[in-house]
Amino acid sequence: MAEREHVRVAVVGSGFGGLGAAVRLRREGVTDFVVLERADSVGGTWRDNSYPGCACDVPSHLYSFSFAPNPDWPRTFSGQQHIRAYLEHVTDVFRLRPHIRFNSEVQRMTWNAERLCWDIETSGGKLSADLVVSATGPLSDPKMPDIPGLDSFPGKVFHSARWDHDFDLRGKRVAMVGTGASAIQIVPSIQPQVERLTLFQRTPPWVMPRVDRAISGVERSLHRALPLTAQLRRGLLWGIRELQVQAFTKRPNELGLIEQLAKRNMARSIKDPALRAKLTPDYRIGCKRILLSSEYYPALAQPNVDLVASGLSEVRGSTLVAADGSEAEVDAIVFGTGFHVTDMPIADRVVGAQGQTLAESWKGGMEALRGASAAGFPNWMTIIGPNTGLGNSSMILMIESQLNYMADFVKQLDVLGGRAALDARPSAVHAWNRRVQERMKRTVWNTGGCTSWYLDASGRNTTVWPGTTTEFRRATRRVDLAEYELLRAPAEMGDKAQDAESQDSKAKNGRSEDAKSKDANSKDATSGVTA
């Protein structure tokens with residue numbers, strides 16, 4: 001039997017999180033790693049979501065890596081094709097392709113206590129790794145509702161994240177199910193093409209205008225010639241959002257003014273009082289993600305659009321029946337019903353030290369130390385883990401903070417030496433989670449009166465970070481060894497007592513030595529690159 005291939009680090013996924021992890025590993029001098037990608041190209045959610053009108057609701061210069069600035073963003077809010085092209089470019093500039101295993105979906109990851117490594121089974125073969133960095137992301141697996149009769153629908157059915165570009169919507173009667181971030185981009189994009197568009201809305205969103213414009217050639221030339229100007233632009237965008245956090249996390253009542261602005265935005269396009277009433281939320285703005293669009297309300301006011309202020313409850317042939325009893329005959333159904341966020345499918349495929357899957361460990365709700373490490377899953381980290389999401393800023397900021405934590409985790413394993421693993425102590429995980437949930441109590445996400453995808457089945461917010469990105473960066477700057485149990489391979493157990501006494505001093509010395517050699521180890525293609 002052939003020996004299983006072994007690598008130091010296995011990264012799962014090649015979206016922003018996975019590619020960022022790969023770049024950071026290279027910068028830390030780690031080249032013995034692979035990136036396992038289930039598809040045939042990089043991009044993650046920006047590869048999978050290619051629906052009409054798909055774009056980011058975070059400004060381009062903030063929704064990009066700090067170490068890979070792009071002076072050539074064409075618009076202030078970039079479209080899917082531009083973000084995907086950016087990620088392809090990052091992959092090439094940082095020479096990541098040799099590390100990527102395409103068409104290699106992870107089917108099982110099992111902790112091997114004897115060898116202190118992860119045994120990994122993928123659709124492309126088997127391997128093992130000392131450390132696993134899971135960067136599958138929360139917006140990677142579409143959620144389809146269980147609608148009675150849907151299987152018998154004679155027309156076309158697909159999710160927004162699996163758009164069927166071969167199906168021509170022109171002249172068709174189309175149902176759009178859901179009113180989230182994807183739907184408000186899809187509706188105005190397809191409304192002019194279809195014969196009739198029926199929008200099934202369970203809960204109306206708060207929508208603010210998206211002040212999008214083309215970035216002029218002069219601006220782009222300036223950013224290329226003087227990179228500091230792009231940094232200042234990014235810093236301004238970041239600072240404004242940092243100042244907004246207090247209203248979301250500590251003083252939700254201050255959001256009342258924003259609600260008035262959102263209502264005025266609606267009134268400018270929706271003149272029918274009955275339609276305005278259907279579109280007006282009954283919860284505090286910010287409880288669900290505030291959506292940005294300047295085209296959504298004008299599209300809903302068009303004569304070929306019907307708004308059903310009720311969820312889809314049943315399908316009878318080509319007839320869709322809403323919970324309020326209203327019916328619509330359609331040729332196609334597009335589901336914009338979100339993703340498996342609080343029940344990530346990857347958790348069913350990770351088997352930890354106690355023989356439990358991560359999903360079983362998280363059956364009472366997801367929780368991870370500093371959003372990265374789960375108790376009982378040694379040398380396993382997640383990017384964009386529990387309570388690392390944001391309601392008003394760029395997730396790239398959070399990803400880069402977690403990459404700092406990952407880099408220090410690798411350094412600590414180097415300092416400890418030999419066959420070693422770090423397993424988050426349950427007490428540390430629970431203490432961290434208690435602090436997060438205590439802070440969550442007064443946030444708009446918990447007090448705003450809505451039910452959102454931020455909440456799990458028990459109503460606990462396991463998704464959002466209840467603070468600023470600055471606070472999170474401070475919390476993830478270093479790995480605190482006191483929060484972890486050190487595991488040694490059986491052959492090294494005799495040295496465990498001596499190692500336990502010396503590991504703290506070795507860690508401190510290791511940090512000092514690392515500071516001296518950091519420049520020498522990190523000067524590769526990652527320095528000063530403009531993507």
Side-chain angles (χ1 to χ4, degrees), residues 13-17 19 39-64 70 72-90 136-144 156-170 172 174-194 197 199 205 207-215 288-300 332-341 384 389-390 394-396 453:
S14 67
F16 268 100
L19 295 179
D40 59 4
S41 61
V42 302
T45 191
W46 294 107
R47 175 199 59 234
D48 296 342
N49 286 269
S50 60
Y51 57 79
C54 183
C56 190
D57 59 1
V58 175
S60 305
H61 286 86
L62 192 58
Y63 198 80
S64 48
N70 180 12
D72 290 313
W73 288 116
R75 304 195 65 82
T76 52
F77 290 89
S78 291
Q80 174 264 344
Q81 69 273 30
H82 302 123
I83 298 174
R84 185 177 180 186
Y86 169 78
L87 290 173
E88 291 278 2
H89 190 58
V90 167
T136 57
L139 306 182
S140 58
D141 291 282
K143 179 180 288 187
M144 290 285 284
K156 192 71 177 178
V157 178
F158 52 88
H159 191 279
S160 59
R162 300 292 184 267
W163 195 271
D164 188 340
H165 291 278
D166 294 329
F167 183 73
D168 190 355
L169 292 176
R170 288 177 298 182
K172 301 291 196 308
V174 180
M176 180 77 227
V177 181
T179 53
S182 299
I184 71 158
Q185 295 179 344
I186 293 170
V187 166
S189 298
I190 67 173
Q191 174 270 319
Q193 306 172 21
V194 303
L197 179 60
L199 177 63
V207 182
M208 296 289 287
R210 190 173 73 143
V211 187
D212 186 27
R213 64 172 179 83
I215 297 177
K288 291 175 177 282
R289 188 176 180 99
I290 301 173
L291 306 183
L292 302 182
S293 176
S294 298
E295 295 83 31
Y296 180 63
Y297 288 141
L300 293 184
I333 307 173
V334 179
F335 284 98
T337 45
F339 301 84
H340 289 275
V341 176
I384 315 183
L390 296 176
S394 172
M395 278 306 301
I396 312 306
W453 57 267

Side chains of [X] and [Y] in contact at under 4.5 Å (non-hydrogen atoms):
{"X": "Tyr86", "Y": "Ser64", "result": "yes"}
{"X": "Ile215", "Y": "His61", "result": "yes"}
{"X": "Trp453", "Y": "Lys143", "result": "no"}
{"X": "Val211", "Y": "Thr76", "result": "no"}
{"X": "Phe167", "Y": "Phe158", "result": "yes"}

Checking [X] side chain against [Y] main chain: does a donor-acceptor pair fall under 3.5 Å?
{"X": "Ser294", "Y": "Arg210", "result": "yes"}
{"X": "Asp57", "Y": "Leu292", "result": "no"}
{"X": "Arg47", "Y": "Ser41", "result": "yes"}
{"X": "Thr337", "Y": "Gly178", "result": "no"}
{"X": "Ser60", "Y": "Trp73", "result": "no"}
{"X": "Gln185", "Y": "Ala55", "result": "yes"}
{"X": "Ser182", "Y": "Ser160", "result": "no"}

Looking at [X] and [Y], what are the two nearest heavy atoms and their distance?
{"X": "Arg162", "Y": "Ser140", "result": "NH2-O, 3.4 Å"}
{"X": "His165", "Y": "Ser50", "result": "NE2-OG, 2.8 Å"}
{"X": "Leu390", "Y": "Met395", "result": "N-SD, 3.5 Å"}
{"X": "Tyr297", "Y": "Pro205", "result": "OH-O, 3.9 Å"}
{"X": "Ser293", "Y": "Val207", "result": "O-CG1, 3.7 Å"}
{"X": "Val187", "Y": "Ala299", "result": "CG1-CB, 4.1 Å"}

Inset, instruction - Show your reasoning for whether side-chain contact (heavy atoms from CB on, under 4.5 Å) applies to Phe16 and Thr45. - result: CA-CA 9 Å; Phe16 268 100; Thr45 191; over 6 Å; no

Inset, instruction - Report the C-alpha separation of Cys56 and Trp46 in whole Å, then their side-chain angles, then the decisive distance to 0.1 Å, and conclude whether the side-chain contact (heavy atoms from CB on, under 4.5 Å) test is met. - result: CA-CA 9 Å; Cys56 190; Trp46 294 107; 3.8 Å; yes

What's the separation between atom [atom1] in [X] and atom [atom2] in [Y], rounded to the nearest 0.5 Å?
{"X": "Gln191", "Y": "Leu197", "atom1": "CD", "atom2": "CG", "value": "7.5 Å"}
{"X": "Met176", "Y": "Ile184", "atom1": "CE", "atom2": "CD1", "value": "11.0 Å"}
{"X": "Thr179", "Y": "Leu199", "atom1": "OG1", "atom2": "CG", "value": "6.5 Å"}
{"X": "Leu139", "Y": "Asp48", "atom1": "CG", "atom2": "CG", "value": "10.5 Å"}

Legend entry - More than 12 heavy atoms from other groups under 6.0 Å of CZ on Arg170: no

Legend entry - salt bridge (charged side-chain N to carboxylate O under 4.0 Å, His left out) involving Glu295 - partner list, sequence neighbours excluded: none

Legend entry - Partner residues of Arg84 under the salt bridge (charged side-chain N to carboxylate O under 4.0 Å, His left out) criterion, sequence neighbours left out: none

Legend entry - side-chain contact (heavy atoms from CB on, under 4.5 Å) between Ile186 and Trp163, intermediate numbers included: CA-CA 11 Å; Ile186 293 170; Trp163 195 271; 3.9 Å; yes

Inset, instruction - Could you walk me through whether Phe339 and His159 pass ring-ring contact (aromatic ring centres under 6.0 Å, His included), step by step? - result: CA-CA 10 Å; Phe339 301 84; His159 191 279; 5.7 Å; yes

Legend entry - Working for side-chain contact (heavy atoms from CB on, under 4.5 Å), residues Met144 and Val157: CA-CA 11 Å; Met144 290 285 284; Val157 178; 4.2 Å; yes

